[in-house]
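The structure appears right after this line, and notes come after that.
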Amino acid sequence: MEMKLLNDFNAPKGPARLFYASDSARRAHASAPDLGIPPSEIQRAALDSSLDQSAYMRGNAVRILGVAFKVFDHYDDAAFCKACETHLRRHDVYHTGFHYRNGDWASRTVAPADIELAGESVTVDPEASDQSFAALIDARQPRIPDWDLFSFSALGIENASAEAENPEFTVAVCLDHLLTDGFSIFMIFEEIMMFYEAFRAGADRVEELPLQALHADYARRDAAYCAQLSADSPQVQEWERFKALHDGALPDFPFATGLSDSSDFAPGCMTSIPDFLSVAESEAFEQVCKQANGSLSAGFMAVAALIDRLVRGSDTFTICTPRSTRSTPAEHYTMGWFAHPVPLEFPIADRFADTVAAARQANKAVRFMVGVPIYPAQKVIDPTLSSMPPEMTSLSFIDTRLIPTFRDLSAHAYTVIGTRRNAKSVHYWVNRVGHGTNLNFMHPYTPEMAAGLPAFADLFRQIVDTVIATGDCDLAAERQRWQALVDSYEATPAPLIRAAA
């Protein structure tokens, strides 16, 4: 599994088919009823951010989170269109669109049967600025407050003609982040493959699909729960305490980004290290984590914490990390944005073994925060605020081995694709995949980051190597070695902001 910005995605050159909602589907939605479906709280944050007319947010008007993968079969236009329509009709998050009215977000919900796609033939040419896949999508992709925030593309189809001996083409699905999270995009891959294979074989429908839930039920539950929050709610108080630790802000990256003012931003960039750890190294590291009463995810958190201690002298590690809000088996088979960041804090010891145990305990202790993003919590304290959150550095961990897919992701060149034209903060993902562990960063493109990211990645690797080799990593026992390593980097540490707890 790889992660790439849309601009960096190597789309096959040549004829392609792009599918968007048809004109009749758009008319059906425009006259569809308001069923009283609210946005979930994290959807509300995304919707509110679309109202921001600053240069920073205008540049991020298209916020794609999608997926690309190869299909090793002949291309059948009708079967592909039907597979995509079946996916759209199956999941109700695609049926509801939002528009701003009288100071709030109202919704319309179209009937599934009225959703249909229309195809367009294009030619992808990466060497022509207006015909690269990214340019074609950017010119056509609907954006908030449009309803149809999705597109489906079949690329490289000349290599999958009826006469091709070894046919293959690439599917690219581009969704606004409003409709999906990092878990749901695996479901797109599984369903499109399943439906396409069935329709190619002549089936009219696919039977015995996993039971899915309604995203609308989740949104109503989420909105109702957050509506009853008060200043005395433990989750609101925890967010306020956590923000106070950072002088009203949220955690930042240990190395300087080159952005000094809150209004500063830079072009967004994705830096990926696809084979950061091998399978054997990943398994060895996980084993040490478990022996220290930790877990793999806590282990990566602990490594990030030790870096903060080495670079900035931190005694406590703070980070925002996404947590899933899926609460039933059916919701695990439901498209939507079922995740939000929670505030994580734990003490940093000199030894990895102690730090990973603290990280695991913190991961357990923060469970009461699941279901309360910062967006509604900060509005409880100050109702004049929008739902937009402060900028934050976040650390995500995904173990793709636990994703309910029956296919080899690597064999299909499974790639997460997204857009981030402008960036202020650093978000990074440690992904455990079939062939090891990947490390990925979304960050501002600045000279400072060009120095800071390699330094961070090198420290990360050095700590992991030490843990694997010795069963621990004791910073105090080898203080001179670690300090010399930090001093050798050209990167500049970021200032450490910590108020009294």
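Just so we're clear, the structure is a prediction, and the values are computed from it rather than from any experiment.
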Check ion pair D114-R89 (N to O, under 4.0 angstrom): no
Do R143 and D176 meet the salt-bridge criterion of a basic N to acidic O distance under 4.0 Å? no
Test item: side-chain donor near acceptor, S121 and R17, under 3.5 Å: yes
Is R90 salt-bridged to E191, cutoff N-O under 4.0 Å? yes
Donor + acceptor pair across side chains of H87, Y94 (<3.5 Å): yes
So, do W105 and F98 have ring centers that fall under 6.0 Å from each other? no
Classify the ring geometry of W147 against H29: parallel below 30°, tilted from 30° to 60°, perpendicular beyond 60°. parallel
Measure the shortest side-chain to side-chain distance between V279 and R432 over non-hydrogen atoms and say whether it is less than 4.5 angstrom. yes
Thinking salt bridges, do K70 and E168 make one under a 4.0 Å N-O criterion? yes
On a heavy-atom basis, which atom in V124 and which in K13 lie closest, and how many Å separate them? O-CG, 3.3 Å
Distance-only side-chain donor-acceptor flag, T437 / S282, under 3.5 Å: yes
Does any non-hydrogen side-chain atom of H177 lie less than 4.5 Å from one of I64? no
Is the Lys NZ or Arg CZ of K82 less than 6.0 Å from the centre of F199's six-membered ring, within 45° of the axis? yes
Side-chain contact, heavy-atom cut-off 4.5 Å: R63 with M57? yes
For salt bridge (charged side-chain N to carboxylate O under 4.0 Å, His left out), just list the numbers for E238 and R367, CA-CA rounded to whole Å, side-chain angles, deciding distance to a tenth of an Å, and then say yes or no. CA-CA 12 Å; E238 175 60 11; R367 288 173 183 167; over 6 Å; no
Y414 versus T400: any side-chain heavy-atom pair under 4.5 Å? no
So do the side chains of I37 and R220 get within less than 4.5 Å of each other, counting heavy atoms only? yes
Heavy-atom side-chain contact between W239 and L250 under 4.5 Å: yes
Side chain of R58, backbone of Q53: donor and acceptor closer than 3.5 Å? yes
Are D92 and L214 side-chain neighbours, meaning at least one heavy-atom pair lies under 4.5 Å? yes
